[in-house]
Amino acid sequence: MSYSIPSKMKAWVYNEYGGVEVLKLEADYAVPEVKDDQVLIKVVAAALNPVDYKRRLGKFKAIDSKPPTVPGYDVAGVVVKVGIEVKGLKEGDEVYGDINENALEQPKRYGSLAEYTSVEEKLLALKPKNLDFAQAASLPLAIETAYEGLERAGFSAGKSILVLGGAGQGDRAVKVVKEDGCVVYIAGAATPPGFSFLLTSNGEMLKKLNPFLESGKVKPVLDPKGLFPFDKVNEAFAYLETNRATGKVVIYPI
Ligand SMILES: CC[C@H]1OC(C)=C(O)C1=O
């Protein structure tokens, strides 16, 4: 199957750091180039993460790629073009992933909140057969963060775990953790003996998790407020930034 790929696309862009008001929906934004190790994805769904608005506010500007920026880490869509070094994906494949291998250092300027995005093959996996694109888009950054955190903590069957929400005070957890236990922070400074890490996006993690998703043992959790259509991305960010979302904020259809 071959796909006709336009030179221009619709994309949400910010040209400067700031609040939701800097987000603009552009109608004729250049479709990104496809490097040899990348595929071009026709985006079907994308999900928002707190790191998206922290980045837009300029919290990481010292190490960020410079605006103009198309935000968005989580993507689900269809491969429409492959680079010459791509071996495991082909046109027509339905894929999902977190498009930024390193979350904060020079993340891509062409994110997933657009009609097309280019992503390295190694960051992607085939979408689980039982999930629709919105469900798949809700997963990558969060599930990879959880998986990597458990791996770094040396977690295994039989051990107990307490997951504190976003507002959960880590410093207090450190005071009560048992002697051979550990406290894992997914962002920001850690109080010893706790430790902090930043996930490294990797499609291999998603491939390992796919059986758990396809069996239904692990399920996506989308916010009950529902899906936000592509022209309402600014409203979706405003909702996420209320800190009241109880599930993933997903943009669909794109
Ligand atoms: C992207 C991983 C982690 O880093 C920051 C700053 C967040 O908000 C995260 O979830």
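Every value quoted in this text rests on a predicted model; they were computed, and no experiment measured them. Atoms within each ligand, like the ligands themselves, are counted from 1 in listed order. Values reported hereafter were calculated over all heavy atoms of this structure, with side chains retained and with hydrogens, waters and symmetry mates removed.
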Of all the atoms in ligand 1, which lie at a distance below 4.0 Å from a heavy atom belonging to [X]?
X: Ala103; answer: 1 (C)
X: Ile186; answer: 3 (C)
X: Leu199; answer: 1 (C), 2 (C)

Q. Quick one: does Phe60 get within less than 4.0 Å of ligand 1, heavy atoms only?
A.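 Heavy atoms of Phe60 do come under 4.0 Å of ligand 1.
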
Q: Would you please determine whether Asn49 falls within less than 4.0 Å of ligand 1 on a heavy-atom basis?
A: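 Under 4.0 Å: no for Asn49.
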
Q: Give a yes/no verdict on a cation-pi contact between Lys24 and Tyr14, requiring under 6.0 Å between NZ or CZ and the six-membered ring centre and an angle within 45° of the axis.
A: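 No, cation not above the ring by the 6.0 Å, 45° rule.
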
Q) On the ring face of Tyr29, is Lys10 found with NZ or CZ under 6.0 Å from the centre and within 45° of the axis? A)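 No, Lys10 does not sit over the ring of Tyr29.
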
Q: Answer yes if Leu113 and Ile99 sit in the same cluster of Ile, Leu, Val, Met, Phe, Trp and Tyr residues linked by side chain heavy atoms under 4.5 Å apart, and no otherwise.
A: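 Same cluster: Leu113 reaches Ile99 through Ile, Leu, Val, Met, Phe, Trp or Tyr contacts under 4.5 Å.
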
Q.
Parallel, tilted or perpendicular, judged at 30° and 60°: which one describes the rings of Phe230 and Trp12?
A.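 Phe230 vs Trp12 ring planes: perpendicular.
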
Q) In terms of residue, atom name and distance, what is the protein heavy atom nearest to atom 5 (C) of ligand 1? A)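 Among all protein heavy atoms, the one nearest atom 5 (C) of ligand 1 is Ala187 CB, 3.8 Å.
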
**Q.** Short side-chain donor-acceptor distance under 3.5 Å, Arg172 and Thr191
**A.**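 Absent: no donor and acceptor within the cut-off.
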
Q) Distance only, no hydrogens: is a donor on one side chain within 3.5 Å (strictly under) of an acceptor on the other, for Asn202 and Tyr147? A)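 No pair is found: no donor N or O on one side chain lies under 3.5 Å from an acceptor on the other.
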
Q | Proximity of Lys54 to ligand 1 by residue part, where a heavy atom lies under 4.0 Å | A |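 Side chain only; the backbone of Lys54 stays clear of ligand 1.
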
Q. If you measure from each non-hydrogen atom of Leu198 to ligand 1, which part falls under 4.0 Å: side chain, backbone, both or neither?
A.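 Under 4.0 Å from ligand 1, Leu198 contributes side-chain atoms alone.
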
